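In what follows, a single structure is set out as C-alpha cells and then discussed.
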Amino acid sequence: MNELNHLLLRRAVESALAEDVGPGDLTTISTVSPQQRGRGIFVAKQPGILCGIPAMTEVFKTLDRDLDVSPIRRDGERLEPGDALAEVKGRARSILTGERLALNFLQRLSGIATLTAKMAAAVGGTGARIVDTRKTTPGLRFLEKYAVRTGGGHNHRFSLADAVLIKDNHIVAAGGIGEAVKKAREIIPHTMTVEVEAETEEQVREALDAGADIIMLDNMNPETMRRMVVLIAGRALVEASGNISEGTVRAAAESGVDVVSIGALTHSAPALDISLDLEILE
C-alpha cells in the first residue's frame, strides 16, 4: 500500500503556498484579467516515473476550489517525453499562481521515484531491498518517502522514534556497542528493533554478541560485506550503507545483504523535467 497522509499534505501545501505567494502574486495580478479562464496541461519532457499528482492537485484546490484538476496519468506510471500528466481548467490567475509550486512538487517527487526505480531495477533478482534514509528535505519527509515507495523502494525509519539505530557517535557516548545496546533494551518496548552501525569486523562481532536485530555494514567494499554476511549467518538482518550509487548498488546487493540503504534517493535525486503549457480559453 502506498498512501499519503492527507492531513500532512494539506499542511505542507499551505506552508509552501504561504512561502511562495506571500501577500500576493504581483505579476499575475498585474498582467492577467480576473475574468480570463485557461486550460493548463502538464507535460513530461524526459522519461521517468511519475509522482506528485496528489500534491499538485492539493496546490490548485487550496488556491481555488473552483479549479477543475483532472489527472491523466497516475503516480507510479512510466513517462516518456511528450506524455500529458494532468489538466487543470478554470481561472487563469489561479493556474498561473500555482504553476511553479505544482511543478516543484511534481519534478522533485518524480525525480526521487525515477532514481529509486533505477536502483530497484539494478538489484533485481538478488533478493535485496532498496530503502531510503532520513536524509530528506525538512518538512517534506513524508512526501519524499512516498516517492521512494512509488518508485518501487521501501522506507527506513520515518522518525527517531520508530526504532533504535546506534551509530558511531552513540557508541562513543555509551562506552561501546555492548553498553549501547544494553541501555537501549532497557527503555524500548519488546516490539522494537535495535540496529547497530558497524565499520569493522570487530564491531560486527560486538553487535552480534550484544544481540543486535539489524547490523548496518557502513562503507564496506563488496568483498568485505560478503564475508560479514557469512559471519552473521542469519543471526541478524544485514544492511549495506554508505555512498552507494547506481554503479555500485548491484555489487552491494550481490554480497548477500538483506537491505541496501541509499541516502542519495532523497538528497541527490535530479528533478524530472516537466512543464505546464497554458491555453487561454476566454
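Computed from a prediction, not measured in an experiment: that's the story for all the values here. Each residue takes its place number in the sequence, starting with 1.
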Whether the Asp213 and Thr193 side chains hold a donor-acceptor pair (N or O, under 3.5 Å, no angle test) is what I'd like checked.
no
Looking only at non-hydrogen atoms, find the nearest pair between Gly111 and Ala269 and report the distance.
O-CB, 3.7 Å
Take atom CZ of Arg157 as the centre, draw a 6.0 Å sphere, and report whether it contains more than 12 heavy atoms from other residues, nucleotides or ligands.
yes
Within 6.0 Å of CZ in Arg74, more than 12 heavy atoms from elsewhere
no
Hydrophobic cluster identity match, Leu115 and Val131, side-chain contacts under 4.5 Å:
no
Let me see the working for His154 and Val259 under side chain to side chain contact (heavy atoms under 4.5 Å, CB included), right down to the final yes or no.
CA-CA 10 Å; His154 300 266; Val259 173; over 6 Å; no
Counting C-beta onward and ignoring hydrogens, is there a side-chain heavy-atom pair between Arg39 and Glu87 closer than 4.5 Å?
yes
Please check if Val196 and Val260 belong to a single hydrophobic cluster, counting links between Ile, Leu, Val, Met, Phe, Trp and Tyr side chain heavy atoms closer than 4.5 Å.
no
Strictly distance-based, threshold 3.5 Å: is any side-chain N or O of Asp64 a donor or acceptor partner for the main-chain N or O of Ser94?
no
Should Asp25 and Thr27 count as side-chain neighbours, where that means a heavy-atom distance under 4.5 Å?
yes
More than 12 foreign heavy atoms under 6.0 Å from CG of Asp277: is that the case here?
yes
Please report the interatomic distance CG(Leu109) to CG(Leu50), rounded to the nearest 0.5 Å.
9.5 Å
Rounded to the nearest 0.5 angstrom, the NZ-CD distance for Lys183 and Glu186 is 8.5 Å
Just by distance, do the side chain of Glu179 and the backbone of Ala174 share a donor-acceptor pair under 3.5 Å?
no
Please report the closest heavy-atom contact between Gly40 and Leu276, naming both atoms and the distance.
C-CD1, 3.7 Å
Report yes if some heavy atom in the side chain of Glu197 is under 4.5 Å from a heavy atom in the side chain of Glu199; otherwise report no.
yes
Salt-bridge contact Glu201-Arg205 (side-chain N to carboxylate O under 4.0 Å):
yes
Closest non-hydrogen contact found for Met225 with Ser255 is CB-OG, 3.7 Å
Spell out, as yes or no, whether a donor-acceptor pair under 3.5 Å connects the side chain of Gln46 to the backbone of Asp273.
yes
Reported CD1-to-OG1 distance for the pair Ile262 and Thr116, which is rounded to 0.5 angstrom
8.0 Å
Taking the side chain as every heavy atom from C-beta outward, state whether Phe142 and Leu9 have any pair of such atoms under 4.5 Å apart.
yes
Backbone N or O of Lys135 within a donor-acceptor pair of the Thr266 side chain at under 3.5 Å?
yes
Find out whether Leu165 and His170 are in side-chain contact, i.e. whether some heavy atom of one side chain is under 4.5 Å from a heavy atom of the other.
no
Without swapping roles, check the side chain of Thr114 against the backbone of Ser110 for a donor-acceptor pair under 3.5 Å.
yes
Which distance, rounded to the nearest 0.5 Å, do you find between the CG of Leu231 and the CD1 of Ile215?
8.0 Å
Give a yes or no answer on whether the side chain of Asp75 reaches the backbone of Ile53 with a donor-acceptor pair at less than 3.5 Å.
yes
Any Lys/Arg nitrogen of Asp83 or Arg73 sitting under 4.0 Å from an Asp/Glu carboxylate oxygen of the other?
yes
Looking only at heavy atoms, what is the nearest atom pair of Asn5 and Leu7, with distance?
OD1-N, 3.0 Å
Can Leu278 be reached from Leu106 by stepping across I, L, V, M, F, W or Y side chains whose heavy atoms are under 4.5 Å apart?
yes
Side chain to side chain contact (heavy atoms under 4.5 Å, CB included) assessment of Gln36 paired with Arg91:
CA-CA 6 Å; Gln36 282 185 306; Arg91 295 182 183 90; over 6 Å; no
Is Glu223 atom CD crowded by more than 12 heavy atoms from other residues, nucleotides or ligands, each under 6.0 Å away?
yes
Give me the atom names and distance for the closest heavy-atom approach of Ser261 to Asp132.
CB-O, 4.1 Å
Trace of the side chain to side chain contact (heavy atoms under 4.5 Å, CB included) decision for Arg134 with Leu160
CA-CA 9 Å; Arg134 286 172 39 252; Leu160 293 170; 3.4 Å; yes
Short side-chain donor-acceptor distance under 3.5 Å, Glu144 and Thr137:
yes
To the nearest 0.5 angstrom, please state how far the OG1 atom of Thr62 sits from the CZ atom of Arg10.
8.0 Å
Can you tell me if Ser15 uses its side chain to pair, donor with acceptor, with the backbone of Ala12 under 3.5 Å?
no
Can you find a heavy atom in the side chain of Met228 that is under 4.5 Å from one in the side chain of Val238?
no
Ala184 and Val164 have their tightest heavy-atom pair at CB-CG1, 3.9 Å
Do Leu67 and Lys89 come close enough that some side-chain heavy atom pair is under 4.5 Å?
no
Just checking, is any N or O donor in the side chain of Glu202 or Thr200 under 3.5 Å from an acceptor N or O on the other one?
no
Under the side-chain hydrogen bond (donor to acceptor under 3.5 Å, both in side chains) criterion, do Ser241 and Glu239 qualify, and how do the steps go?
CA-CA 6 Å; Ser241 186; Glu239 175 181 336; 4.6 Å; no
Quick check: do Glu99 and Leu96 have side-chain heavy atoms less than 4.5 Å from each other?
yes
Look at the side-chain heavy atoms of Ile, Leu, Val, Met, Phe, Trp and Tyr, link any pair under 4.5 Å apart, and say whether Ile280 and Val69 land in one connected group.
yes
How many angstroms lie between atom CG of Leu265 and atom OG1 of Thr133, to the nearest 0.5 angstrom?
7.5 Å
Does Arg78 CZ have over 12 foreign heavy atoms under 6.0 Å away?
no
When you measure from the side chain of Arg11 to the backbone N and O of Leu8, does any donor-acceptor pair fall under 3.5 Å?
no
Go through it in stages, so that I can follow the logic: the residues are Met220 and Val257, the test is side chain to side chain contact (heavy atoms under 4.5 Å, CB included), and I'd like the CA-CA distance, side-chain angles, deciding distance and then a yes or no.
CA-CA 12 Å; Met220 293 185 183; Val257 298; over 6 Å; no
